[in-house]
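Predicted model only: the values in this text are computed from it and were never measured.
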There are 2 protein chains.
Amino acid sequence: MPIPSSNRLLPIHSTRADVQSSLYDISTQCTVINYTILKLISDENDFLVTPVAERTTPKKTAADDIPDRMDIRTIARLANVSIATVSRTINRVSTVNPKMAKRVWDVIEKFDFVPNTQARALVSGRSKLFGLLISEITNPFFPELIQGFEDIAVEHGYEILVSSTNHDPKRMSHCIRRMLERKVEGVAVMTFGLEEPLLDQLAKRKVPLVFIDVGPDRAGVSVLKIDYHHGIRQAVQHLAALGHRNIAFVSGPAGLHSAQSRLAAFSKSMKECGIAPDPARIAEGDHTLEGGAAAMDKLLALKEVPTAVLCSNDMTAIGVLHKLYRTGLRVPDDVSVIGFDDIHIAEVTTPPLTTIQMSRYELAKAAFGALRTQVESPETVHGKREFNIPTDLIVRESTGFPRGTMKHLRKK
Amino acid sequence: MPIPSSNRLLPIHSTRADVQSSLYDISTQCTVINYTILKLISDENDFLVTPVAERTTPKKTAADDIPDRMDIRTIARLANVSIATVSRTINRVSTVNPKMAKRVWDVIEKFDFVPNTQARALVSGRSKLFGLLISEITNPFFPELIQGFEDIAVEHGYEILVSSTNHDPKRMSHCIRRMLERKVEGVAVMTFGLEEPLLDQLAKRKVPLVFIDVGPDRAGVSVLKIDYHHGIRQAVQHLAALGHRNIAFVSGPAGLHSAQSRLAAFSKSMKECGIAPDPARIAEGDHTLEGGAAAMDKLLALKEVPTAVLCSNDMTAIGVLHKLYRTGLRVPDDVSVIGFDDIHIAEVTTPPLTTIQMSRYELAKAAFGALRTQVESPETVHGKREFNIPTDLIVRESTGFPRGTMKHLRKK
DNA sequence: CAGCTTGCTGCAATCGTTTTCCCAAAACAG
DNA sequence: CTGTTTTGGGAAAACGATTGCAGCAAGCTG
C-alpha cells in the first residue's frame with residue numbers, strides 16, 4: 001500500500017493505529033482522496049458508486065447518498081474497522097480507542113445510520129420494551145399516565161407498548177399475546193383490576209409485573225398500593241364539616257378491585273365521621289361519563305335526594321355533574337359533588353370539580369422503577385414488593401353547604 | 001427403531017408420513033410413551049427432564065412444563081418435524097399436510113408457544129409496525145384517534161408505536177429516531193402541522209407517510225384533506241341564522257397549519273354570510289384549555305364583547321366555557337360557544353357543547369388504509385394521494401340567540 | 001532484549017425466524 | 001413395471017446486530 005506523503009507530519013513514536021487514524025483523518029478532508037485511499041485499503045470498490053454521485057452534486061447531497069443497505073457492516077467498511085468495533089462504539093464500550101470511536105461516529109453521523117432494534121434485541125436478549133396495560137385510553141386519566149410512563153421510560157432507554165383492554169377479556173388476552181410476541185421485559189398492569197387467569201401467560205414466562213392495589217404474591221411482582229383511604233377520608237370529612245349527612249357514593253364496576261377498595265374506604269370513612277353508610281345511597285357506576293349519569297339517575301329517584309355525591313372517579317363525577325345540570329339542580333347549591341383522580345379537565349368543569357388527587361406521575365414513576373429494578377437487578381429483590389401511592393383532597397367549587405342549611409352563608 | 005405393535009391397525013397402503021403420524025397420534029395418548037418414542041426417534045434425551053416433572057405432578061402441570069427455551073426449534077423437535085414445517089404451519093402455508101399441521105398446532109398450543117416477532121421481522125424484513133405521531137396525548141381527541149387506529153391496525157395484523165411530540169421539535173426528532181430504530185413500515189403524522197425538516201429522516205428512507213391537510217408532493221406520501229370549510233360554514237350559518245353578527249374566533253397556534261386552515265375557513269364563511277370578519281375578534285389560542293381561557297380573556301376586554309365564539313378545537317372551547325363561567329356570563333344566554341372536533345366529553349359540558357364533528361374513526365381508517373396500500377402494493381399508486389374527510393356541525397346547547405335580542409323567544 | 005502484562009481489535013458464533021432450493025416419495029400415465 | 005409429474009418436507013442460508021475469545025502491538029520489568 002503506497003503511503004501518502006502527508007503522513008510525515010506524524011510524531012516519530014506513533015503506533016500503527018495512529019498512523020492509520022491520521023491517514024484516515026487526512027483523507028476525510030477530501031472525499032475523492034478519502035474514497036481512493038479506502039479503496040486501496042479495503043481492496044473493495046463496489047461502494048465507490050456512491051462517491052461518484054456525491055462528486056457530481058457536491059452541495060446538498062448528504063441526504064441522498066445513503067447506500068440502500070445501511071447496516072453496521074457498511075459502517076464498518078466505510079470507517080475501515082471491524083463490525084465488532086462499530087458495535088462497541090455504538091454501545092459506548094469503554095475499551096474502544098477514542099480515535100477509532102471518533103472515526104466511527106463520523107461515518108455514522110454522515111450516513112444517518114440507525115441501528116436495527118430488532119437485530120439488537122434478538123441477539124442481546126434485551127428488547128428494552130415494557131408493556132403498559134390500561135383499561136381504556138379514552139378516560140383522560142390514562143393518557144396522562146401513559147405520558148408519564150413513556151417519558152420516564154424513554155429517559156432510561158426503554159420503549160413502551162401501550163394496550164387498552166376496554167375491560168374486554170378477549171381484547172386483554174390479545175394484548176398480552178402481542179406483548180409476548182414482542183418479548184416485553186416487563187408489564188405494568190394499570191387496569192385497576194386483577195384479571196389473574198389472563199395474566200398467567202405472563203407469569204408463566206416469568207415476566208416482571210407491576211400491579212395496582214393487589215397482585216399475586218410471587219417473585220417478580222410489585223404492587224402499587226394506593227392509599228385510597230387517606231384521600232377519601234379527607235373528602236368525607238370535608239363534606240361532614242360542611243354539614244352533609246346524606247352522602248351518596250357512585251362506585252365503579254363491581255368487578256374492579258380498585259373500585260371496591262374505594263367503596264370500602266368510603267364506608268370506613270363514613271363510619272369514622274359517625275355517619276352510618278346507607279346501602280341505598282350507593283349506586284354502581286362503571287367509571288364512564290354515561291355510567292355516572294345513569295347512577296345519578298338512580299340516586300335522584302330516592303325519596304330523599306342526597307346532598308352530596310362522592311364518585312369513584314372523575315369521569316363518573318363529570319357524568320353526575322351533567323345529570324344534575326340536566327335535572328336543573330345546581331352544584332354545589334343543591335348537591336355537592338366530589339370526584340377521584342384529579343384529571344386535568346376537572347379544573348374547568350362547571351363548577352370546577354373538588355376531587356381526590358392521585359398523582360399519575362408518581363404512579364408512572366413507581367411502576368417504571370419497580371419494573372426496571374426487577375429487570376436490571378433481580379437479585380436485589382425477593383418475592384413481592386410494595387409501594388405506597390398517596391392521595392389527597394383538592395377542594396374546588398363543586399362542594400358547599402348542604403341545601404336548606406345555613407342559607408345566610410351561601411350567598412357570601 | 002423398534003416399531004410399536006399398535007401400528008398394525010394402519011391400512012395396508014399407508015404412506016410413510018401416515019405411519020409416522022399415526023405413531024405420533026397414538027403416542028400422544030400417553031405422555032410417557034410419547035416421550036419415550038420421541039427419545040428413540042430423536043436420539044436426544046436432554047429434554048426428557050421436563051416430562052419427568054410432568055409425570056410427578058400429573059394434574060395441573062400444563063402451566064409449568066415450559067422448557068426454558070421455547071423456540072420454533074423446540075417445537076419442531078417435539079412435533080418431530082423440521083423447523084421449516086413449523087414455520088410454514090404457523091404462517092398457514094397451504095402446502096403443509098393437514099395432519100402435520102395438526103401435530104404442530106397441538107404442540108404449539110400445549111406449550112403456549114409464541115413466535116418471536118423480532119426474529120420474524122428481522123428475516124422477513126416486515127416489522128408489521130406503523131408509527132403514529134400525535135401532538136399531545138392529553139388532548140382527548142388523540143386518544144380517541146389512537147383507539148381507532150390501533151383497532152384497525154390490530155385487525156390487519158399490524159402493531160402501532162405511538163409517540164406524542166408535545167409540539168417540541170426535539171421530542172419529535174427523538175420520536176422519529178425511535179421509529180426508525182424499530183423499523184416502522186409507515187408513519188401517520190397526525191400532528192396537524194407539517195414539520196418538514198424533521199421528517200426528512202423518514203422521507204430519506206422512503207418510509208410511507210400520511211399527513212393531515214398538507215404534505216410534500218412525492219411518492220409514498222398520502223394526505224388526508226379535512227374539509228374544514230363545510231363544518232365551519234355550517235357553524236357560522238347557524239350563528240348567523242340565530243342573529244349573531246359579532247362573532248369571534250379563537251384560533252389554534254399560529255404555527256400549526258391546520259389551525260390556519262380553520263381560521264381561513266372561518267373568515268371565508270363569515271364573508272359568505274355577509275359578515276365582515278374583524279381581526280380584533282380573532283384571538284390566538286393554542287388548542288389547550290388554558291389557551292382557550294386566555295384567549296377568551298382577551299375577547300372579554302374588547303369594548304364590544306362578542307355574542308358568539310367559534311373555537312379551533314373543543315379543548316379551547318371548554319377553556320372558553322370555563323372563563324365565561326368565571327366571568328359570570330351565561331352560555332348560551334350571554335355568549336354562544338362552538339367547538340371543533342366533537343370529543344366525547346363535549347356532550348357533557350355545561351351546557352353541552354355545540355361543535356363541529358370530525359370523525360376520529362374516519363381519520364384513523366383513512367390513515368391506516370393509506371399506509372397499508374403504500375406498504376402492501378406500492379405499485380398501484382404513483383405520487384401523492386389524497387383523501388377527503390368530512391366535517392359536520394352538531395348542534396347542542398351552547399348556542400342560542402344573541403343577548404339582548406328576541407328576549408321573548410329565549411325563555412321558550 | 002527476552003518475557004510478561006495490558007489494551008484494543010477482529011473473528012466468528014449466536015439469537016429465532018423466514019424462505020429458497022432441492023430431493024424423496026407418491027401419484028399417475030402408458 | 002417403468003418413466004414422468006406432482007407434492008410436500010427438510011437443509012441451510014440469510015437477516016443485522018452482540019459478545020466471548022484469541023491475538024497482536026505496545027509498554028513495562030529486570
For [N], does OP1 or OP2 lie under 4.0 Å from any side-chain N or O of [X]?
X      : N      : value
B:S124 : C:dT18 : no
B:N116 : C:dC15 : no
B:N97  : D:dT7  : no

Taking only the side-chain heavy atoms of [X] (C-beta and beyond), determine which of [options] contains the nearest atom.
X     : options                : value
B:R73 : D:dA17, C:dT17, D:dG9  : C:dT17
B:S87 : C:dT18, C:dG16, C:dC15 : C:dT18
B:S82 : D:dA11, D:dT18, D:dC21 : D:dA11
B:A84 : D:dT18, C:dT18, D:dA11 : D:dA11
B:R88 : D:dC15, D:dG10, C:dG10 : D:dG10
A:I83 : D:dG9, D:dT18, C:dT17  : D:dT18
A:T95 : C:dT19, C:dT9, C:dC15  : C:dT9

How many Å lie between [atom1] on [X] and [atom2] on [N], as a whole number?
X      : N      : atom1 : atom2 : result
B:I72  : C:dT14 : CD1   : P     : 19 Å
A:R126 : D:dA17 : CZ    : P     : 18 Å
B:Q118 : C:dG16 : CD    : C1'   : 9 Å
B:K128 : C:dT17 : NZ    : C1'   : 15 Å
A:I75  : D:dA17 : CD1   : P     : 9 Å
B:D71  : C:dC15 : CG    : P     : 9 Å
B:R182 : D:dC15 : CZ    : C1'   : 17 Å
B:R92  : C:dT19 : CZ    : C1'   : 19 Å

Considering heavy-atom distances to DNA chain D, does B:T85 or A:V114 have its closest nucleotide positioned more toward the 5' end?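 The answer here is B:T85.
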Go nucleotide by nucleotide along DNA chain D from the 5' end; which of B:V96 and A:L122 gets its closest nucleotide reached first?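 Per heavy-atom nearest nucleotide, the more 5' residue is B:V96.
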Parallel, tilted or perpendicular: rings of B:F130 and B:F368 (30°, 60°):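 Rings of B:F368 and B:F130: perpendicular, as their planes differ by over 60°.
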Can you tell me how far apart CG (A:L199) and NZ (A:K204) are? Round to the nearest 0.5 Å.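 Output value for this atom pair is 12.0 Å.
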Roughly how far apart are A:S127 OG and A:E159 CD, rounded to 0.5 Å?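 A:S127 atom OG to A:E159 atom CD measures 10.0 Å (nearest 0.5 Å).
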When we call it a touch if two heavy atoms are under 4.0 Å apart, what does B:V81 touch: a base, just sugar-phosphate, or nothing?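 Contact class for B:V81: sugar-phosphate only.
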Is a side-chain donor-acceptor pair under 3.5 Å present for A:N97 with A:R103?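 There is no such pair between these side chains.
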Can you find a heavy atom in the side chain of B:M179 that is under 4.5 Å from one in the side chain of B:L133?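 They are in side-chain contact.
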Please say which of A:K183, A:R177, A:R178 ends up in a side chain to side chain donor-acceptor pair (under 3.5 Å) with A:E181.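 Among A:K183, A:R177, A:R178, the one that satisfies the side chain to side chain donor-acceptor pair (under 3.5 Å) with A:E181 is A:R177.
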